Structure formats: structure tokens, C-alpha cells
Amino acid sequence: MRLCSPLLLCLATAALSTAFLISPPHMWTKLILTHHWPSTFCSMEHPACHPNISYWTLHGLWPDKGIDCNSSWHFNSSQIEDLLLDMKKSWPDLRNPLSAAFWKYEWNKHGTCAAKAASLNSQHKYFSKALELYHKLDLDSILKKFDITPSEKYYTFSQIEGVIENFYGVTPKIQCAHSSKNADVQILGQIEICFSPDFTLLDCEKQFTMKSIPKGDGDNPMAVDKASGFSVCDHDMPVYYPPLP
Ligand SMILES: *[C@@H]1O[C@H](CO)[C@@H](O)[C@H](O)[C@H]1NC(C)=O
Ligand SMILES: *[C@@H]1O[C@H](CO)[C@@H](O)[C@H](O)[C@H]1NC(C)=O
Ligand SMILES: *[C@@H]1O[C@H](CO)[C@@H](O)[C@H](O)[C@H]1NC(C)=O
């Protein structure tokens, strides 16, 4: 027996060791459904990107652990043929709307790792589950419903976070682009909402993630997410939610 004090720390330790017992060490424990705002994505990423889409689109469904887990499992769009219409609308490649390259990239990098779970162990299961979760959340409508709409006026960070927390009952991870022209403003770019392996909503930040975080960046809210070019929004800085350019 070990003395545990304070009590909460003791419980957390117990919960953590239970989690390790249940899932093998290499298995992911959380899924991150990532939405991006096309205007922001295009403004920072690519001149060839024309964002005439004014709703939040899917960026990906990412397990919290693992990248490029099976290089011999090739993307094959004929396995998701029945999903393609929805994919084009909900998960468009903003740089190249006619290409499947974005889906292939997401499958190789994240889908092959998600597929370690039986519930996601085919391309059809993976992509259809991502679409299902995206439609179920319906983030775009929820933001509109609670008056968070693209606008020339600025929001506070807590206005945006508050709507999501109140509606879904979990903490999202909200990422911004930081303007080089105006250091006093950040631009809303990406919203991540997290799920447990059985697809129930989960707080994004509270869980222990096994993801290796570059040394020194772990506690820095301004650390740049190199994969996407976004970083976690600053809670004290006004947020610009850009309308279509
Ligand atoms: C987006 O722009 C392209 C090219 O300007 C146009 O062909 C297409 O119809 C537009 N799509 C929508 C949804 O407005
Ligand atoms: C990788 O994918 C191939 C092709 O689908 C499959 O046969 C193989 O079992 C997978 N390997 C692992 C380790 O999952
Ligand atoms: C892609 O999937 C289809 C349908 O399952 C299959 O017939 C085809 O052989 C696959 N193509 C490749 C290159 O694996």
C-alpha cells in the first residue's frame, strides 16, 4: 500500500495505471477529429488554394499515437466509392479539389494507425467513421446557431471555446494562425474535437497523450504545430474568424 495525498492525485495515478493495463503500449487511446476553416487554411498555405467554401471542412481523423503505421497498405479510392460524393463536400482537398491526394496522405499517415483498432481496420471503415463523426458533431451549424459566424469584428477566445464546451460538454483544441502583419490578432484556423476509442466525446487536453512532444514545446501555448502550420490559440488575444476573401 502506498500513501496517496492529495486524494485526487491518488485517483489519477490509479486511472493511469488502469489505462496502461487495458491498452497495449503501442495502441492509440484517443481520436482527434480535426476541422479546418478554408479561408484561413488557404490564406496561409498555398497560393493555388481557392477557398470558395464557407463551412468548416474535415482535415482528418487522427489517433493520438502513431504515424505512417503500414506503408504497404495503399490507398485505393475504389474502396470508398460510395463515400466520394460526401468526401468531396465534407473533406475536400482545398489545394486541388479534383485530386484524391489529400485522402491518400491522410490514410497513409493516420488511417493506417487508426486501423489498429478493429472498428477502423479498413479504408471504408476509417473514412466512413470520420464522415459520420463530422456529421454527428455538425460543428459548422453549432457555431452558427450560437452566433459565432465569420465576421469583420473580433471574438474573444473564450466566446468561441465556450460555445463548443457548453454544447458538446468537452474541451476542444482550437488552433490559430498568427498574422505576420498584425501581431495583436490571431486568425481562427482549426478546431479539434476528441473521441475515445469507442467514439464517445472526450476532452482534448485532459488526457495523457503518449505523442512525443518536441522538447521544450510541451508547455508553450505558442508552439507551432509543424504538421499544419497552426498553433494553439492565445487565450488573451482577439480572434479573427475570416469571411470568404
Ligand atoms: C468555386 O470556384 C470555382 C472556380 O472559380 C467555381 O467553378 C465553383 O463553382 C465554385 N464553387 C462553389 C461551391 O461556389
Ligand atoms: C499492412 O497492410 C497489409 C495490406 O493491407 C496487410 O496485409 C498487413 O497485415 C498489414 N500489416 C500490419 C502490421 O498491420
Ligand atoms: C482497389 O480496390 C478494388 C475494390 O476492392 C480492387 O478490385 C482493386 O484491385 C484494388 N486496386 C489495387 C491497386 O489494389
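Owing to the predicted nature of the structure, the values given are computational and were not obtained by experimental measurement.
- You'll find the side chain of Ser77 stays beyond 4.5 Å of the side chain of Trp103, heavy atoms only.
- Note that the CD atom of Gln123 and the NE2 atom of His74 stand 10.0 Å from one another [nearest 0.5 Å].
- With a 4.5 Å cut-off on side-chain heavy atoms, Ser39 and Leu244 count as touching.
- Across all their heavy atoms, Gln175 and Cys233 have their closest contact at C-SG, 3.3 Å.
- A 4.5 Å side-chain heavy-atom check between Leu120 and Leu31 finds at least one atom pair inside the cut-off.
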Stepwise side chain to side chain contact (heavy atoms under 4.5 Å, CB included) test for Ser119 and Phe199
CA-CA 10 Å; Ser119 54; Phe199 310 115; 3.6 Å; yes
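- Under the 3.5 Å distance criterion, with hydrogens and angles disregarded, a donor-acceptor pair is assigned to the side chains of His124 and Asp82.
- Atom CG of Asn76 sits about 9.0 Å away from atom CD of Glu81, to the nearest 0.5 Å.
- Distance check, rounded to the nearest 0.5 Å: OG1 of Thr171 to CG of Leu201 gives 11.0 Å.
- Minimum heavy-atom separation, Ile174 to Phe157: CB-CE1, 3.8 Å.
- Lys65 is not listed as a side-chain neighbour of Thr29, based on a closest heavy-atom distance of 4.5 Å or more.
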Pair Leu143, Tyr241 - check side chain to side chain contact (heavy atoms under 4.5 Å, CB included), show working.
CA-CA 11 Å; Leu143 290 174; Tyr241 182 8; 4.3 Å; yes
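- No side-chain donor-acceptor contact under 3.5 Å links Trp37 to the backbone of Ile187.
- In this structure, Phe41 and His36 have tilted ring planes: the angle between them lies in the 30° to 60° band.
- Remark: Cys194 SG to Lys173 NZ distance equals 8.0 Å, nearest 0.5 Å.
- Nearest heavy-atom pair, Ala177 versus Thr40, reported as atom, atom and distance to 0.1 Å: CB-CG2, 4.0 Å.
- Between the side chain of Thr200 and the backbone N or O of Ser196, no donor-acceptor pair lies under 3.5 Å.
- The shortest non-hydrogen separation linking Ala115 to Asn121 is O-CB, 3.3 Å.
- Both Phe75 and Trp73 are assigned to one and the same hydrophobic cluster, defined by single-linkage of ILVMFWY side chains at heavy-atom distances under 4.5 Å.
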Side chain to side chain contact (heavy atoms under 4.5 Å, CB included) between Ile142 and Leu137, worked out
CA-CA 8 Å; Ile142 298 309; Leu137 287 179; over 6 Å; no
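- Remark: side-chain polar atoms of Lys109 are not paired, donor with acceptor, to backbone N or O of Trp62 under 3.5 angstrom.
- Residues Phe230 and Tyr240 are members of separate hydrophobic clusters, defined by side-chain heavy-atom contacts under 4.5 angstrom among Ile, Leu, Val, Met, Phe, Trp and Tyr.
- Using a distance-only test at 3.5 Å, with no hydrogens or angles considered, no donor-acceptor pair links the side chain of His110 to the main chain of Leu61.
- Both tests hold for Lys89 against Tyr55: distance to the six-membered ring centre under 6.0 Å, angle to the ring axis within 45°.
- A continuous path of ILVMFWY side-chain contacts below 4.5 Å connects Leu133 to Leu83, so both sit in one hydrophobic cluster.
- Atom CG of Asp147 sits about 7.0 Å away from atom OG1 of Thr149, to the nearest 0.5 Å.
- Heavy-atom neighbours of Lys104 NZ from other residues, nucleotides or ligands within 6.0 Å: at or below the threshold of 12.
- Ile164 places a side-chain heavy atom less than 4.5 Å from the side chain of Leu139.
- The structure places CG of Asn52 at 9.5 Å from CG of Leu94, a figure rounded to the nearest 0.5 Å.
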Apply side chain to side chain donor-acceptor pair (under 3.5 Å) to Asp234 and His178, showing your working.
CA-CA 10 Å; Asp234 185 320; His178 292 86; over 6 Å; no
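- A donor-acceptor pair is defined here as one N or O able to donate and one able to accept, closer than 3.5 Å; such a pair exists between the side chain of Gln186 and the backbone of Met237.
- A pairwise comparison of heavy atoms in Phe195 and Leu33 identifies CE1-CB, 4.0 Å as the closest pair.
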Applying side chain to side chain contact (heavy atoms under 4.5 Å, CB included), run through Tyr155 and Leu188 and close with a yes or a no.
CA-CA 10 Å; Tyr155 293 91; Leu188 185 60; over 6 Å; no
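- Aromatic ring centroids of His59 and Phe102 lie under 6.0 Å apart.
- Considering all non-hydrogen atoms of both residues, Cys113 and Gly66 come closest at SG-C, 3.3 Å.
- Residues Pro197 and Trp28 form a side-chain contact, since some pair of their non-hydrogen atoms from C-beta on lies under 4.5 Å apart.
- Using a 4.5 Å heavy-atom cutoff, the side chains of Lys88 and Pro97 are not in contact.
- Checked against the 6.0 Å centroid threshold, Trp91 and Phe127 count as a close aromatic pair.
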